[in-house]
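Only a predicted model underlies this, so the values are computations on that prediction, with no experimental measurement involved. Heavy-atom basis, side chains included; hydrogens, waters and symmetry copies ignored. Per chain, numbering begins at 1; letters A, B, ... match sequence-line order.
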There are 2 protein chains.
Amino acid sequence: MSETLSPTASRERRTYSIGELARRFEVTPRTIRFYEQEGLLEPERRGQTRVYHEKDRVRLALTLRGKRLGFSLAEIREVIQLYDHAPDGDERQLRRMLDILAEKRRGLERQLEDIHALQNELDDVEDRCRDSLDALLARHSRDT
Amino acid sequence: MSETLSPTASRERRTYSIGELARRFEVTPRTIRFYEQEGLLEPERRGQTRVYHEKDRVRLALTLRGKRLGFSLAEIREVIQLYDHAPDGDERQLRRMLDILAEKRRGLERQLEDIHALQNELDDVEDRCRDSLDALLARHSRDT
DNA sequence: GGCGAGCTTGACGTTTACGTAAAGTAGACC
DNA sequence: GGTCTACTTTACGTAAACGTCAAGCTCGCC
């Protein structure tokens with residue numbers, strides 16, 4: 001793995017402005033501020049302007065990935081909190097976390113099934129489509 | 001495949017009321033009416049009440065699957081229209097349809113990547129979680 | 001004929017995830 | 001010192017996907 005959300009691993013000193021991040025991920029600054037408001041990002045403040053670090057960039061990437069999979073921002077926040085609090089807590093909390101993880105996994109498994117089902121259906125459409133096209137072209141070449 | 005959206009394959013004469021469908025798929029009747037309003041379902045009318053056939057049931061299943069994958073109702077309607085119009089149209093239309101199919105496929109491929117990436121991240125969290133738990137239990141058993 | 005269960009059509013309300021416009025600030029450059 | 005660019009906050013607007021009443025029809029049953 002090339003990157004992680006673990007705070008101990010953010011050893012690069014690169015920072016980003018809100019505009020840089022926005023261009024990089026093809027979202028608007030407004031979106032990034034909104035994600036902060038929703039507790040998904042926690043940029044540093046230098047004066048009154050926001051300064052984003054690697055940790056924020058990785059979180060944003062995770063957020064957008066979650067969005068592409070249809071997760072709500074609330075669900076994504078949950079996952080991020082799993083990340084941030086993975087190593088701590090008492091036994092009960094850790095076991096609860098493992099339960100939540102297992103549940104998330106089941107959700108992903110179902111999404112995999114759904115994708116395969118949809119792929120099969122697209123195959124079906126494509127087959128019929130190609131059949132029609134072949135018939136059309138055969139008729140055309142015969143008529144010349 | 002056990003079922004398809006192809007109209008020629010709906011040879012079963014089973015019908016459903018809106019309430020039956022709603023219970024089956026764990027949605028509200030309101031949701032089903034809304035999907036009709038959005039052009040995703042086209043139930044028969046018997047008097048003033050709606051009568052749903054196999055075709056509608058399959059469409060509803062497809063719709064909910066799409067939703068679980070984060071598709072908008074507009075996108076799902078596109079897919080359904082692909083189904084309904086797959087075998088017809090002139091050459092240009094058929095080629096266009098194949099292009100659209102290829103694009104949908106690319107979207108699904110990306111979702112697969114996203115899912116695998118998220119699974120890896122959950123693995124990561126789980127590892128750290130288990131490490132903490134093991135350390136906790138080891139300390140506990142040593143202290144007894 | 002009254003009554004409940006299930007259906008119908010409106011119509012307005014709500015949540016999520018931002019868009020957009022207004023007005024102000026702060027640093028870089030000429 | 002003025003202007004440009006990029007940032008800031010505040011606030012109202014909006015599209016999607018339904019939820020939530022309200023009011024009325026209609027069928028079966030006692």
Side-chain angles (χ1 to χ4, degrees), chain A residues 14-53 56-57 59-81 104 107 111 114 118, chain B residues 14-53 56-57 59-81 104 107 111 114 118:
Chain A
R14 176 103 166 77
T15 67
Y16 310 85
S17 75
I18 195 170
E20 273 178 303
L21 264 194
R23 276 188 302 276
R24 243 172 193 263
F25 289 97
E26 297 184 272
V27 296
T28 68
R30 164 64 179 158
T31 297
I32 296 182
R33 290 193 199 100
F34 183 72
Y35 289 169
E36 176 183 353
Q37 183 183 323
E38 294 300 301
L40 301 173
L41 303 173
E42 294 173 323
E44 188 196 335
R45 288 287 183 147
R46 215 163 276 175
Q48 97 171 330
T49 77
R50 295 166 172 83
V51 177
Y52 297 87
H53 297 258
D56 298 299
R57 205 213 50 179
R59 278 193 184 189
L60 181 53
L62 179 60
T63 298
L64 296 176
R65 185 154 55 220
K67 288 228 65 189
R68 287 195 298 272
L69 291 175
F71 289 17
S72 72
L73 296 185
E75 291 172 310
I76 295 169
R77 185 175 41 212
E78 262 191 81
V79 176
I80 288 180
Q81 282 168 359
K104 299 273 175 208
Q111 292 215 13
D114 285 331
L118 241 181
Chain B
R14 176 101 166 78
T15 66
Y16 309 86
S17 75
I18 195 170
E20 273 178 302
L21 265 193
R23 277 188 301 276
R24 243 172 193 260
F25 287 97
E26 298 184 273
V27 297
T28 69
R30 163 65 179 159
T31 297
I32 296 182
R33 289 192 200 101
F34 182 71
Y35 289 169
E36 176 183 352
Q37 183 183 321
E38 295 300 301
L40 301 173
L41 304 174
E42 295 174 323
E44 188 196 335
R45 286 289 182 145
R46 216 163 274 177
Q48 94 170 332
T49 78
R50 295 168 172 83
V51 177
Y52 298 87
H53 297 257
D56 299 299
R57 204 213 50 181
R59 278 194 185 189
L60 181 53
L62 179 60
T63 298
L64 296 177
R65 183 153 57 220
K67 286 229 67 189
R68 286 195 298 272
L69 292 174
F71 290 16
S72 71
L73 296 186
E75 292 173 309
I76 295 168
R77 184 174 42 211
E78 262 191 83
V79 175
I80 288 180
Q81 282 168 1
K104 298 273 174 205
Q111 291 214 7
D114 285 331
L118 242 180

(request) Using the test side chain to side chain donor-acceptor pair (under 3.5 Å), find all partners of B:Arg65 that sit at least two apart in sequence or belong to another chain. (result) A:Glu121
(message) Can you work out whether B:Arg45 or B:Arg23 has the more 5'-proximal nearest nucleotide on DNA chain C?
(response) B:Arg23
(message) So which atom in B:Arg57 and which in B:Tyr16 form the shortest heavy-atom distance, rounded to 0.1 Å?
(response) CD-OH, 3.6 Å
(request) Identify the 5'-most and 3'-most nucleotides of DNA chain C with at least one atom closer than 4.0 Å to a non-hydrogen atom of chain A. (result) C:dA17 to C:dT20
(request) Using atom CG of B:Leu64 as one end and atom P of D:dA17 as the other, report the distance to the nearest whole Å. (result) 13 Å
Can you give each donor-acceptor pair under 3.5 Å made by side-chain atoms of residues 31-42 of chain B, sequence neighbours left out, with the distance rounded to 0.1 Å?
from, atom 1, to, atom 2, distance (Å)
B:Thr31, OG1, B:Thr28, OG1, 3.1
B:Glu36, OE1, B:Arg50, NE, 2.6

(request) Compare every heavy atom of A:Leu69 with every heavy atom of A:Gln111, then report the nearest pair and how far apart it is. (result) NE2-O, 3.3 Å
(request) Applying salt bridge (charged side-chain N to carboxylate O under 4.0 Å, His left out), name anything that partners B:Arg30, two or more places apart in sequence or on another chain. (result) none
(request) Please report, rounded to the nearest Å, how far the P atom of D:dC7 is from the CD atom of A:Glu36. (result) 14 Å
(request) Starting from the 5' end of DNA chain C, give me the residue, A:Glu38 or A:Thr49, whose nearest nucleotide shows up first. (result) A:Glu38
(request) With the side chain counted from C-beta on, respond yes when A:Val79 and A:Lys104 share a heavy-atom pair under 4.5 Å apart, and no when they do not. (result) yes
(request) To the nearest Å, give me how far apart CZ (A:Arg33) and P (D:dT10) are. (result) 12 Å
(message) Measuring from atom CD of A:Glu44 to atom OG1 of A:Thr49, what distance do you get when rounded to the nearest 0.5 angstrom?
(response) 9.0 Å
(request) Spell out protein contact along nucleotides 18-29 of chain D as letters: B when the base is contacted, S when just the sugar-phosphate is, - when no protein heavy atom is under 4.0 Å; keep the 5' to 3' order. (result) BBB---------
Please output the side-chain donor-acceptor pairs of residues 18-27 of chain B that fall under 3.5 Å, not counting sequence neighbours, one pair per line with the distance.
from, atom 1, to, atom 2, distance (Å)
B:Glu20, OE1, B:Ser17, N, 2.9

(message) At less than 4.0 Å, is any side-chain N or O atom of A:Ser17 found next to OP1 or OP2 of D:dC7? Yes or no.
(response) yes
